[in-house]
Amino acid sequence: MAIERTFSIIKPDATARNLTGAVNAIIEKAGLRIVAQKRILMTRAQAETFYAVHKARPFFGELVDFMTSGPVVVQVLEGEGAILKYRDVMGATDPSKAADGTIRKVHAKSIGENSVHGSDAAETAAIEIAQFFAGNEIVG
Ligand code: ATP
Ligand code: MG
């Protein structure tokens with residue numbers, strides 16, 4: 001499998017509980033390399049653009065409120081098959097359905113406050129990385 005890059009967000013519920021390092025430990029233990037990382041406060045415009053695909057969903061307003069409620073850590077992760085691998089490491093969207101040892105099983109609070117985001121495909125990974133990082137901020 002090829003070396004890929006995926007986009008990750010450590011969400012406000014996790015930063016609020018001081019879990020950045022704990023989440024990063026799970027990421028690195030899985031063999032993914034953090035090749036870019038910064039802590040930011042997302043604007044509403046950034047969150048609305050990022051989750052535009054969910055605009056028509058009933059939880060969209062709540063999702064934007066949550067993603068702008070506190071600091072997030074945006075990251076680029078690199079590794080063999082990184083996109084699917086990180087989805088596995090994150091676990092299911094609903095933490096009650098997530099597999100043992102996954103970030104969401106171990107740390108997430110609810111289906112909304114679920115600690116992490118990861119890109120779902122190569123095309124979305126490229127778009128999401130470009131929304132938050134300049135090329136020279138990513139050092140593999
Ligand atoms: P993400 O895109 O954040 O990696 P995901 O791909 O597992 O998560 P999506 O279906 O893309 O899940 O939903 C995006 C986000 O919207 C979820 O991570 C969660 O924070 C929120 N969300 C999804 N479903 C619900 C719901 N039923 N109620 C509240 N929030 C939800
Ligand atoms: Mg998604």
Side-chain angles (χ1 to χ4, degrees):
M1 204 176 276
I3 298 285
E4 293 176 340
R5 286 179 175 173
T6 193
F7 181 71
S8 164
I9 304 176
I10 303 178
K11 296 185 180 183
D13 68 286
T15 62
R17 287 175 290 148
N18 213 20
L19 292 172
T20 300
V23 170
N24 281 349
I26 298 175
I27 289 170
E28 291 184 334
K29 198 161 178 222
L32 292 164
R33 187 171 292 272
I34 301 164
V35 295
Q37 175 169 262
K38 58 190 172 190
R39 181 171 163 110
I40 62 167
L41 207 47
M42 260 196 210
T43 63
R44 288 196 76 80
Q46 279 177 315
E48 283 169 1
T49 298
F50 185 76
Y51 278 124
V53 67
H54 296 307
K55 208 170 185 126
R57 307 283 284 276
F59 57 80
F60 183 70
E62 189 187 318
L63 179 57
V64 171
D65 287 346
F66 169 58
M67 293 301 288
T68 57
S69 68
V72 299
V73 178
V74 291
Q75 306 175 306
V76 180
L77 310 181
E78 185 178 87
E80 288 277 327
I83 296 165
L84 279 181
K85 180 181 271 187
Y86 189 46
R87 297 290 297 187
D88 279 348
V89 170
M90 286 163 49
T93 309
D94 180 349
S96 71
K97 295 181 182 142
D100 284 347
T102 60
I103 295 168
R104 284 168 166 168
K105 178 68 170 194
V106 175
H107 294 300
K109 294 171 75 174
S110 65
I111 191 168
E113 301 195 12
N114 61 2
S115 302
V116 281
H117 160 82
S119 307
D120 55 17
E123 302 72 44
T124 45
I127 292 166
E128 292 172 1
I129 289 169
Q131 188 184 345
F132 290 98
F133 290 99
N136 65 1
E137 293 179 302
I138 306 167
V139 183

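In this chain, numbering begins with 1 at the start of the sequence shown.
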Do Phe60 and Met42 belong to the same hydrophobic cluster, where Ile, Leu, Val, Met, Phe, Trp and Tyr are linked whenever their side-chain heavy atoms lie under 4.5 Å apart, directly or via other members?
yes

Tell me if a side-chain donor or acceptor on Gln131 pairs with a main-chain N or O of Gln46 at a distance below 3.5 Å.
yes

Below 4.5 Å, heavy atoms only, C-beta onward: do Leu77 and Ile34 meet side chain to side chain?
yes

Spell out, as yes or no, whether a donor-acceptor pair under 3.5 Å connects the side chain of Glu62 to the backbone of Phe59.
no

With a 4.5 Å cut-off on side-chain heavy-atom distances among I, L, V, M, F, W and Y, is there a chain of contacts connecting Val74 to Val35?
yes

CD1 of Ile138 to CZ of Arg5: how many Å apart, nearest 0.5 Å?
5.5 Å

Student check: side-chain heavy atoms of Thr6 and Glu128 closer than 4.5 Å
no

Taking C-beta and beyond as the side chain, do Arg17 and Ser115 meet within less than 4.5 Å on heavy atoms?
yes

Going from CG on Asn114 to NZ on Lys11, what distance comes out if it is rounded to the nearest 0.5 angstrom?
4.0 Å

Is there side-chain contact between Ile111 and Thr93, with heavy atoms separated by less than 4.5 Å?
yes

Are Phe66 and Phe50 connected, step by step, through hydrophobic side chains (Ile, Leu, Val, Met, Phe, Trp, Tyr) whose heavy atoms are closer than 4.5 Å?
yes

Shortest non-hydrogen pair, Gly101 vs Ile26, comes out as O-CG2, 4.4 Å

Please give me the minimum heavy-atom distance between Ser119 and Ala125, naming the atom from each residue.
OG-CA, 3.4 Å

Which distance, rounded to the nearest 0.5 Å, do you find between the CG of Asp94 and the NZ of Lys105?
9.5 Å

Sidechain-backbone polar pair: Glu113 side chain, Ser110 backbone, donor-acceptor under 3.5 Å
no

The residue among Val72, Ile40, Val76 that forms side chain to side chain contact (heavy atoms under 4.5 Å, CB included) with Phe132 is Ile40

Nearest atoms (heavy-atom pairs only) where Thr68 meets Ala47:
CG2-CB, 3.9 Å

Angle class for the Phe7/His117 ring planes (parallel below 30°, perpendicular above 60°, tilted otherwise)?
tilted

Take Leu63 and Arg57 through the test side chain to side chain contact (heavy atoms under 4.5 Å, CB included) and record every step on the way to the result.
CA-CA 10 Å; Leu63 179 57; Arg57 307 283 284 276; over 6 Å; no

Answer yes if Tyr51 and Phe133 sit in the same cluster of Ile, Leu, Val, Met, Phe, Trp and Tyr residues linked by side chain heavy atoms under 4.5 Å apart, and no otherwise.
yes

Going by heavy atoms in the side chains, are Asp65 and Arg44 under 4.5 Å from each other?
yes

Look at atom NZ of Lys97 and say whether more than 12 heavy atoms of other residues, nucleotides or ligands are closer to it than 6.0 Å.
no

Closest non-hydrogen atom pair, Arg104 against Ala92:
CD-O, 3.2 Å

Checking side chain to side chain contact (heavy atoms under 4.5 Å, CB included) against Gln75, which of Val23, Ile129, Asn24 comes through?
Asn24

Which atom names give the shortest non-hydrogen contact between Ala36 and Glu137, and what distance separates them?
CB-O, 3.4 Å

Kindly determine whether Thr15 and Val73 satisfy side chain to side chain contact (heavy atoms under 4.5 Å, CB included), including the steps that lead there.
CA-CA 8 Å; Thr15 62; Val73 178; 4.0 Å; yes

For the residue pair Ile103 and Ile27, establish whether any side-chain heavy-atom pair is separated by less than 4.5 Å.
yes

Looking only at non-hydrogen atoms, find the nearest pair between Ala30 and Val89 and report the distance.
CB-CG2, 3.5 Å

